[in-house]
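In this text the structure is predicted, and so the values were computed from the model without any measurement. The chains referred to below are lettered A, B, ... by the order of the sequence lines, with proteins before strands, and numbering in each begins at 1.
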Protein chains: 4
Amino acid sequence: MAMKKSEGRVTIEKQVEDRRTSIGSQRNPASEEAILKAAQDILLEGGLPAFSIEAVARRAKAGKPTIYRWWPSKAALLLDVYHRQKDGVPHPDTGDIRKDLSLFLGGLIGFWRDGGGAIFRSIIAEAQSDPAALQALQAYALSRCRQSGVILERGQARGEVRADIDPALLIELFSSFAWNRLLTSRLDVSDEEIEQIVSAVVDGVAVRK
Amino acid sequence: MAMKKSEGRVTIEKQVEDRRTSIGSQRNPASEEAILKAAQDILLEGGLPAFSIEAVARRAKAGKPTIYRWWPSKAALLLDVYHRQKDGVPHPDTGDIRKDLSLFLGGLIGFWRDGGGAIFRSIIAEAQSDPAALQALQAYALSRCRQSGVILERGQARGEVRADIDPALLIELFSSFAWNRLLTSRLDVSDEEIEQIVSAVVDGVAVRK
Amino acid sequence: MAMKKSEGRVTIEKQVEDRRTSIGSQRNPASEEAILKAAQDILLEGGLPAFSIEAVARRAKAGKPTIYRWWPSKAALLLDVYHRQKDGVPHPDTGDIRKDLSLFLGGLIGFWRDGGGAIFRSIIAEAQSDPAALQALQAYALSRCRQSGVILERGQARGEVRADIDPALLIELFSSFAWNRLLTSRLDVSDEEIEQIVSAVVDGVAVRK
Amino acid sequence: MAMKKSEGRVTIEKQVEDRRTSIGSQRNPASEEAILKAAQDILLEGGLPAFSIEAVARRAKAGKPTIYRWWPSKAALLLDVYHRQKDGVPHPDTGDIRKDLSLFLGGLIGFWRDGGGAIFRSIIAEAQSDPAALQALQAYALSRCRQSGVILERGQARGEVRADIDPALLIELFSSFAWNRLLTSRLDVSDEEIEQIVSAVVDGVAVRK
DNA sequence: AACTAACCGAGACGGTACGTCTCGTCTTATG
DNA sequence: CATAAGACGAGACGTACCGTCTCGGTTAGTT
């Protein structure tokens, strides 16, 4: 992406090496792209400790004020970076609530374990000190729970799931578990563990009388 | 010279007053106490962003090296501060697994909501960038889950809870929910919500056939 | 926004007042000046022991990195401070080598005695532990000796001074005496002593046969 | 020296490794020796920058208070270290003032160049900030000049040197030159240079009429 | 023989300064 | 007027020493 940026301007005069300058009184998409790319790369390579506005500017060959102009805080940049990744967590519809929930939970954990979690971890951490990030995180989490609640709603429609269950709340319970494992770097969850959790919740912990 | 030494301490009690000096080749409990107190106060007042070794040293009227001597990292100090608060989360034993779990989850959330959570939030945030903090957090979380697992073990002993349930894993599921709410500042959980979650897990989400 | 920028500077003069910020991608003369001034004042007030980068930064209301950016070492800053004082040691040209040398030596000692020596003392001291300072001092001393050698060169041109004398070496001998007195705080040299030294060297210590 | 210290106690029980403890209510010569030795070694190896009370204590395996008990300041320790070295600068008596002065100046420079100067440099540097060191240095320098003045006094007695010359002052002039070279690390003075200086002063710089 | 007094090492204490890092703001020069 | 560049004040980081203090142990003289 970042390489493409000068491609359209090659013929216009002599082009000073590889420098990216203003394109006038408007936001420069090449800069935005370079900054987001740099931010993402830094996060994936060095994690949150390596992530600083300074480092992003350096790597993106951008001026710090350019970053501050468009992203008011570290958290805003983090969120933008996160939104770029399509998160690939599915809302399966196999017709079997056990399978659906196992696939959902396993998918979420797997996505995070395979590299997708680093940035989200950073956002959660940032949200503990930055109120703006916190609000964004709240909104994001809520909408995700609602979206994923569809799994249970389908189960309810099929008469497979109790009608008095709040789908979003239950999804929150499952994804909380994934959060916990993400935040404690214990994402190596076996299929058995996932199935045990799903089974416990679906069938109930209590002995059937 | 030797006479002067004890002269200032004749009145046994209230003495510390101004300056706190060494008590010889051994750790000074007064310093440790002052440092932990200062650290706690700073955390409660300004949260994680205000928490720096510099600030703690200043407030505790201690030298920075004194802190570094005893706590190798910011995270170590954070954990020590957290350990000082007796966390008051109970392991209730009412004989009814529903009540026990509700009291446990409600107790944890209540404790965090009423001020006890701020420091733990900070530790989780810190653990996202500091490997040492992460390790400490892992160990802590694990041991807590095992401890609280006793609630379910008692249920199993009573024949109330399925024997194939892993107590620690189930507790982890419940406390994950509390973590989630702590980290998203949504600890205002109603008793109904807690009961719904407990009920869902105890009785199962599935419709009984 | 853009309008606000110049608003505070409408009245051209007296403006600096409180805060001194960047003037763009280039060295800020106001900062440089403030730092050198602060350094000089600290040296004159508290001498070398009071002179620390920390103290200079504090007094100049500058950040430490700003100092380290422009002066790689304490010694470099010291030398810059010394160079600011025009040192007022003359190269007199009375036509009489005795008078010229007396005025030179007396002038040097007098300049140091009347306040100008404190900083140079500090530089010499610093050079004993800092190789960079040492090198700077060597270069400075050498060039001064060569400059002042002109006194003897004129004497040689007049046929008053032996042609086989190395002017710089002789000047070094005289200024060494001043160094010695500076470093041992014995700058209260009487005119008689100066004349005795000059007389000894000019006329020779040996009895004329 | 330091090695000998346990020699007398070998047979008395099992001797805890190599520890040097108190010998009762009196100064322990072994400790003093070990401290001076350590101080000297550090100075010769790392120069003034490496010389700290901390380092000396570490190397001498002594407690810091033991050092502070006997030497009130860094300078005092430095001076003691310097006094241990017999300085080997001669007061030659060849009967020829030229030879005597050349041997004196050459001897002083040579002694310093061959390792003896490092400590004296340190003392001079220290004296620029420590008044106690300064005073000690003044006294030392004065007495040395007076002692070495004997060279010129003998010349005066022989009728070889003008009677109106102050011997100490002249010696100060010569040794100032050595100081200068010591402090600027330019002790590689050739015999020719020494002879030129001596010749200039003995015979006079002025052309004989 | 017991006691005292001073010494010993060790090392903790409250501090200061070090030199490096990042922060978020600012101004320049370039296009 | 947006950009890359980079200087600025601020202040935290972790380290090295400073000079003071207390400790527990050792040993020489004195009782």
(request) Could you tell me which non-hydrogen atom of K74(B) sits nearest to which non-hydrogen atom of F51(B), and how far apart they are? (result) NZ-O, 3.4 Å
(request) Using atom CG of D130(D) as one end and atom P of dC18(F) as the other, report the distance to the nearest whole Å. (result) 13 Å
(request) Output yes when K37(A) and D41(A) qualify as a salt bridge under the 4.0 Å nitrogen-oxygen rule, no when they do not. (result) yes
(request) Return the residues of residues 39-54 of chain D meeting this criterion: a heavy atom under 4.0 Å from some atom of DNA chain E. Order them by number, or give none. (result) none
(request) Using whole Å, report how far CG of N28(C) lies from P of dG9(F). (result) 7 Å
(request) Would you mind reading off the distance between I35(C) atom CD1 and dA7(F) atom C1', rounded to a whole angstrom? (result) 11 Å
(message) Testing the basics here: between A60(B) and I35(B), what is the closest heavy-atom pair and its distance to 0.1 Å?
(response) CB-CA, 3.8 Å
(message) Distance check needed: dG11(F) P versus Y68(C) OH, whole Å only.
(response) 17 Å
(request) Could you please name the option among dC17(F), dC21(F), dG6(F) that lies closest to any side-chain atom of P65(A)? (result) dG6(F)
(message) Just so I know, are the side chains of I42(A) and R59(A) near enough to count as touching, which here means a heavy-atom distance under 4.5 Å?
(response) yes
(request) Write down the distance between CZ (R27(B)) and C1' (dA10(E)), rounded to a whole number of angstrom. (result) 18 Å
(message) On the nucleotide dC7(E), are OP1 or OP2 found under 4.0 Å from the side-chain N or O atoms that S31(D) carries?
(response) no
(message) I need the CZ-P distance between R58(A) and dA7(F), as an integer number of Å.
(response) 13 Å
(request) Would you mind reading off the distance between I67(C) atom CD1 and dG11(F) atom P, rounded to a whole angstrom? (result) 15 Å
(message) Strictly below 4.0 Å, N to O, side chains only: are R69(C) and E32(C) in salt-bridge contact?
(response) no
(message) Suppose we call a contact any N or O donor and acceptor under 3.5 Å apart; does that hold for the side chain of K64(C) and the base of dG19(E)?
(response) yes
(message) If you assign each of T66(A) and A62(C) to its closest nucleotide in DNA chain F, which residue comes earlier from the 5' end?
(response) T66(A)
(request) Check whether any side-chain heavy atom of L36(B) lies under 4.5 Å from a side-chain heavy atom of W71(B), and answer yes or no. (result) yes
(request) Indicate yes or no for a side-chain donor-acceptor contact from Q135(C) to the backbone of P131(C) under 3.5 Å, with no hydrogens or angles considered. (result) no
(request) Write down the atom of A133(A), the atom of A75(A), and the distance for their closest heavy-atom approach. (result) CB-CB, 3.1 Å
(request) Name every residue in residues 69-79 of chain D that has at least one heavy atom under 4.0 Å from any atom of DNA chain E, in order of residue number, or write none if there are no such residues. (result) R69(D), W70(D)
(request) Report the distance from atom CD of E33(D) to atom P of dC8(E), rounded to the nearest whole Å. (result) 14 Å
(message) Could you report the tightest heavy-atom contact between I119(D) and Q40(D), atom names first, then the distance?
(response) CD1-CG, 4.3 Å
